[in-house]
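A short worksheet on the structure shown next.
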Number of protein chains: 2
Amino acid sequence: MKLSNGVEWGLHCCVSISQSDGPVSAARLAELHGVPPSYLAKHLQALSRAGIVRSTPGPVGGYAFTRPAAEVSVLQVVQAVDGPEPAFRCTEIRRRGPLALSPERCEKPCAVSRAMATAETAWREALAGISVADLAGRIDQDSSGTAMRDLRSWLAGAP
Amino acid sequence: MKLSNGVEWGLHCCVSISQSDGPVSAARLAELHGVPPSYLAKHLQALSRAGIVRSTPGPVGGYAFTRPAAEVSVLQVVQAVDGPEPAFRCTEIRRRGPLALSPERCEKPCAVSRAMATAETAWREALAGISVADLAGRIDQDSSGTAMRDLRSWLAGAP
DNA sequence: GGTTGAGTACTCGGATAGAAGTTGTCCGAGTCAGTCCGG
DNA sequence: CCGGACTGACTCGGACAACTTCTATCCGAGTACTCAACC
């Protein structure tokens, strides 16, 4: 199991966007995080498609949240970047081979599929319980209250 | 996020092995599940390397559990097939860019990494709480007690 | 001086190559069961 | 009839291609600002 690299970028970008008053361009975000601008733009497009951020073109354009950061969960960002489909995909193995079950007995997912689904639900709920605003707050606490101040200062200056 | 296809096969194979007295060969398991024998063998090798099953060569050889099925958790099987490394890999994004933190301030994982790790722990614990024996029991319940009987019968006959 | 128009620079968005991981397949090394021969 | 060695076939294990997905990049479409000319 491997999570796309863009998930980390997307989350950090969301934290950055939450600290800015106006829109933030992909180039600024890429410079701030030291990542390839073009590739980061691809993931930001995914956030835009998911309706988490709104993109505005033009010289002062960029990305901005469509709703308060406290209402954007980490799960929404992860699913926007990485896709909403579950990690475990049941291929209905019990319908194959000599002991294949008849289709009418396969309405209910098999126990293996249920066990994996339960685990993924737990994972999803853990991510749904954290918002982007929570992340920003924790990062700020880790830095004793300097990280978000420096971030806001950098976003405002050096345009 | 995508989980390897062999995870499903490995779990179903473990359930099958748990119902057999002697070793079960990869060819039998592949025939039973209707999957490519050579590729299934690859995943069974992973289970063998992880110490979950023990392989015995020779005409009556195959794979058998090294310990009771009740002591083999789903998590162990999943990690054996898919690898133990976590899905989210922190690339230390905060050490890059103009606002990079000094290395001595990076001892503690950042909030993003901690949030993802917490979710993965929840996922892992959910899988650790289910054993292969539990899976077999649930599959048997779903079939009103015929699945494991038929499976044992098939494994014993048609050699 | 105010207004209007074109020009320009900057933004996002999707279409396009390259790398990596997963999927699928093959053949060789090792081992046990059955068999054959000799006593 | 019994014991031992041999042949044979079956097993796993790792090495070898094909494909899908992820990673990275580029160029085109659209918009707001700037500046100059005109009224």
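Residue numbering restarts at 1 for every chain, and letters A, B, ... go by the order of the sequence lines.
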| field | Distance, rounded to the nearest Å, where B/Leu3 contributes CG and D/dT21 contributes P | value | 15 Å

| note | From CD of B/Gln45 across to P of D/dC12 the rounded distance in Å is 9 Å

| said: Counting only side-chain nitrogens and oxygens, does B/Ser4 get under 4.0 Å of the OP1 or OP2 atom of C/dT23? | reply: yes

| field | Length of the NZ-C1' vector between B/Lys42 and C/dT23, whole Å | value | 9 Å

| query | Between C/dC12 atom C1' and A/Leu29 atom CG, what is the distance in whole Å? | reply | 13 Å

| Heavy atoms from other residues, nucleotides or ligands near CZ of B/Arg67 exceed 12 (cutoff 6.0 Å) | yes

| query | 5'-most contact on DNA chain D: A/Pro59 or A/Pro36, nearest heavy atom basis? | reply | A/Pro36

| query | NA contact type, B/Gly62, heavy-atom cut-off 4.0 Å: base, sugar-phosphate, or nothing? | reply | sugar-phosphate

| message | Just the rounded figure in Å: distance from P of D/dC27 to OH of A/Tyr39. | response | 20 Å

| query | Just checking B/Ala26: base, sugar-phosphate only, or nothing, at a heavy-atom cut-off of under 4.0 Å? | reply | sugar-phosphate

| field | Nucleotide D/dC22, atom C1' - distance to CD of A/Glu85 in whole Å | value | 13 Å

| note | Rounded to whole Å, CZ of B/Arg89 lies from C1' of C/dG21 at a distance of 11 Å

| For B/Ser38, which contact category applies under a 4.0 Å heavy-atom criterion: base, sugar-phosphate, or nothing? | base

| query | Would you call B/Glu120 and B/Arg124 a salt bridge, using N to O less than 4.0 angstrom? | reply | yes

| Note: A/Arg114-B/Asp142 ion pair, threshold 4.0 Å (strictly below) | yes

| Straight-line distance of A/Tyr63 OH to A/Ile52 CD1, nearest 0.5 Å | 12.5 Å

| said: Let's see if you can work this out: which of D/dT23, D/dT11, C/dT11 has an atom nearest to the side-chain heavy atoms of A/Asn5? | reply: D/dT23

| Between C/dG13 and A/Ser55, is there an OP1 or OP2 to side-chain N/O distance shorter than 4.0 Å? | yes

| request: Would you kindly compare B/Tyr63 and A/Gly58 by the position of their nearest DNA chain D nucleotide and give the one closer to the 5′ end? | output: B/Tyr63

| field | Whole-Å gap separating C1' (D/dT21) and NE2 (A/His43) | value | 13 Å

| Between D/dC22, D/dT11, D/dA32, which nucleotide has the shortest distance from any of its atoms to the side chain of A/Val60? | D/dA32

| message | For a quick check of understanding: with a heavy-atom distance under 4.0 Å over all strands, which category does A/Arg49 fall into, base, sugar-phosphate or nothing? | response | sugar-phosphate

| With no hydrogens and no angle check, is any side-chain donor or acceptor of B/Ser20 less than 3.5 Å from a backbone partner on B/Ser16? | no

| query | A/Ser48 side chain N/O closer than 4.0 Å to the phosphate oxygens (OP1, OP2) of C/dG13? | reply | yes

